[in-house]
2 protein chains.
Amino acid sequence: MLQYFMPTRVIMGEDSIKKNPSVFSEMGKKALIVTGKSSAKKNGSLDDVIEVLSKNGQSWSIYDKVMSNPTVECVYEGASHARAEEVDYVIGIGGGSPMDAAKAIAMLACQDITEDQLFSGNYGKEVLPMIFVPTTAGTGSEVTSASVLTHHKQKTKIGISSPVLFPDVAFLDAKYMDDLPRDVTVNTVIDALSHSVEGMLSVRANPLTDALASVSIRMIASCFEALKKFDLSRKDRENLLYASTLAGMVISSTGTVAVHAMGYSLTYFKNMDHGRANGVLLAEFLRFIEEHLPDKVEQILSYMGMKNVDEFKDLLDELLGLKEEITLDEINMYTEITMPKHNIKNTIVEPKKEDIFNIYKSSLC
Amino acid sequence: MLQYFMPTRVIMGEDSIKKNPSVFSEMGKKALIVTGKSSAKKNGSLDDVIEVLSKNGQSWSIYDKVMSNPTVECVYEGASHARAEEVDYVIGIGGGSPMDAAKAIAMLACQDITEDQLFSGNYGKEVLPMIFVPTTAGTGSEVTSASVLTHHKQKTKIGISSPVLFPDVAFLDAKYMDDLPRDVTVNTVIDALSHSVEGMLSVRANPLTDALASVSIRMIASCFEALKKFDLSRKDRENLLYASTLAGMVISSTGTVAVHAMGYSLTYFKNMDHGRANGVLLAEFLRFIEEHLPDKVEQILSYMGMKNVDEFKDLLDELLGLKEEITLDEINMYTEITMPKHNIKNTIVEPKKEDIFNIYKSSLC
């Protein structure tokens, strides 16, 4: 089924949280704030939320133990916290990790799902209402129904997905990104770019998602020069944030493809940041697609004002810097882990085992 | 509040109705099909829907009395029909008129709202589920929460709007538009173009709606030459359909502005088609905005590959042909009727009475 669906209400602009206190009061009396250890405290987003809750006379409890690439254990702990505190709704603040964790927590707080069932895809409809505040411009999690978790038993990252996991409201305010350091900025931008590019190369790509992807890619490309110099204006930060949300609106309907499937192993085994992992693989993946569908790749490159894949790879190399070392044995293992992933079958040209191996190899060796 | 919200599930592609029978069976046992007198019967859309309902073993009743610019009386009659037939959901098939009527019928079938209360903006949440099948590429009603009705007591068209009026599902299949005649095609395309342009010139315009509008305008502009020759391929028809839905996604968050407010009088008093009425006014409206915000208009024109408003006006003149005659007395009356409309205040540069008068005059005299 070719479809587009994204029911989250997106509220935008500087100080949009403080300007819209009723959005919080309508959700219930007590909130569980799900976030990471420190960034939401530093960038002002947590303060803004707490100021609104205080003025509204609402109460809250904070669960701030979400680590990068949150684990299954983490979301069960967060859900226990939500139940113990008898919260009415969840506020997720942060990058992809706190937001993805917040979705799983909102569901596990209402439904009795064992760890064995967690990735079954069979969920009930009960979920706590969710308000999300992204503080990086990359994941798009604020407008998707997916929660990607680290699954140590399977030694990889794996997603749970359900229409009930769409947040109710997302607040987009680029001021929280003003002081994001270079590596986080670059990695998250590349994650967003990868979402739009992968969305266009999904078997579920359709005219509406392609339209969103085209403008998302153009907006990100308009910031390439500023990114290289790491001299980003607030306007650039806004472009990157909205482009990231548009990219999330793309993958909420298309899903991601082989790049994300492959990247998960680089993150799990080499501790490579999620966006960086996608960026390292993206150019060689496009070269693989180009062999089969040259027009499609030419179109994507044209949105970035680029002539060929080499030019794109040069840009990514400049942004990502020195790459991690990797052995052929490791690549063999990652290929085995990657092949069964559903994102592989979701790719417009389904890569074979040797294709996956070769993309890893030409990207990293 | 700057926001984007559009919760309708959009299903796309050739034969998408027949390929997705479960979408209908999940809605309930019995449908009310709301449509106009003839077009849905001619273009195959009604046959496709009935084939699916038959195969699903579902029943239906047809209300096919929706006229162009549907009246308040019409939607009350349709709602009585829905109550008498005890239907579970509504299927709206056609252009903007049947879809707008279907929304009001779906609400009036569940809520006791008097005619005096109908335009109050205070509605309950009860509404019959809705599946919409647009058979023109213009209105965008399949993805908006507005229903525009003809109000004889107020001698104008007026909208009712509520989040509960978003359809649950919209099916987009350009094959139903293959045989649309030239005038309907041109008028509806210009309506869609007007939605995207007006959306960018709304006080509620925001980065996400601007992004959707930009790609919608580009897609429509890519068909300008084919429209002039009236030599449209299926691919063109698809571009126009998706552009129209994107434009609907824009106005679902931004609303329309002065052009629509002004066009309603041309439709009510001169019986001018809705899209044509907008098209007649659009260039001179842009010229008015240009005096205050030249960069904004330049940006819109650039999406169409145009240098100035004159070039745009020439295109519209060529597409719309000879214009209706109108007197200054008529313009005075239309100006009086237009000024209190909420779309006037929704315009990024709020036009004064003399501005409205002048736009009418330079457009039509």
Side-chain angles (χ1 to χ4, degrees), chain A residues 1-17 19-23 142-143 163 166 168-174 196 204-220 222 235 237-250 252-253 303, chain B residues 1-17 19-23 142-143 163 166 168-174 196 204-220 222 235 237-250 252-253 303:
Chain A
M1 184 192 292
L2 291 184
Q3 72 163 352
Y4 171 78
F5 180 54
M6 201 296 284
T8 301
R9 183 181 303 270
V10 183
I11 304 174
M12 285 159 276
E14 189 165 353
D15 293 325
S16 48
I17 287 177
K19 286 177 183 166
N20 294 285
S22 65
V23 173
E142 69 277 8
V143 290
F166 277 110
D168 296 86
V169 178
F171 280 99
L172 304 186
D173 188 343
S196 282
R204 288 182 275 160
N206 61 61
L208 292 189
T209 56
D210 280 355
L212 299 178
S214 73
V215 65
S216 161
I217 294 170
R218 284 181 206 267
M219 286 166 85
I220 292 172
S222 76
K235 183 78 198 155
R237 290 285 185 190
E238 286 176 347
N239 272 328
L240 294 174
L241 175 57
Y242 297 123
S244 158
T245 298
L246 286 164
M249 291 160 73
V250 172
S252 72
S253 292
Y303 297 145
Chain B
M1 183 192 292
L2 292 185
Q3 70 162 355
Y4 171 79
F5 181 54
M6 201 297 284
T8 301
R9 184 182 301 271
V10 182
I11 304 175
M12 285 159 277
E14 189 165 352
D15 293 324
S16 48
I17 287 176
K19 285 177 184 166
N20 294 287
S22 65
V23 173
E142 69 277 8
V143 290
F166 277 110
D168 297 270
V169 179
F171 280 100
L172 304 185
D173 188 343
S196 282
R204 289 182 275 160
N206 61 60
L208 292 189
T209 56
D210 280 355
L212 299 177
S214 73
V215 64
S216 162
I217 294 170
R218 283 180 206 268
M219 286 166 85
I220 292 171
S222 76
K235 182 76 199 157
R237 289 285 187 190
E238 286 175 346
N239 272 328
L240 294 174
L241 175 57
Y242 297 123
S244 158
T245 298
L246 286 164
M249 290 160 72
V250 172
S252 72
S253 293
Y303 297 146

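All values reported here derive from a predicted model rather than from experimental measurement. Reminder, nothing fancy here: chain letters follow the sequence lines and each chain counts from 1.
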By a 4.5 Å heavy-atom criterion (distance strictly below it), what part of [X] contacts chain A: side chain, backbone, both, or neither?
{"X": "B:T245", "answer": "side chain"}
{"X": "B:V215", "answer": "side chain"}
{"X": "B:V169", "answer": "neither"}
{"X": "B:L212", "answer": "side chain"}
{"X": "B:S214", "answer": "side chain"}

Should B:Q3 and A:N20 count as side-chain neighbours, where that means a heavy-atom distance under 4.5 Å? no
What are the two closest non-hydrogen atoms of A:L208 and B:Y242, and how far apart are they? CD2-O, 4.0 Å
Measuring from [X]:[atom1] to [Y]:[atom2], what's the distance to the nearest 0.5 Å?
{"X": "A:M249", "Y": "B:M6", "atom1": "CE", "atom2": "CE", "answer": "8.0 Å"}
{"X": "B:M12", "Y": "A:T209", "atom1": "CE", "atom2": "OG1", "answer": "6.5 Å"}
{"X": "A:F5", "Y": "B:T8", "atom1": "CZ", "atom2": "OG1", "answer": "8.5 Å"}
{"X": "A:K19", "Y": "B:L2", "atom1": "NZ", "atom2": "CG", "answer": "7.5 Å"}
{"X": "B:R218", "Y": "A:R218", "atom1": "CZ", "atom2": "CZ", "answer": "4.0 Å"}

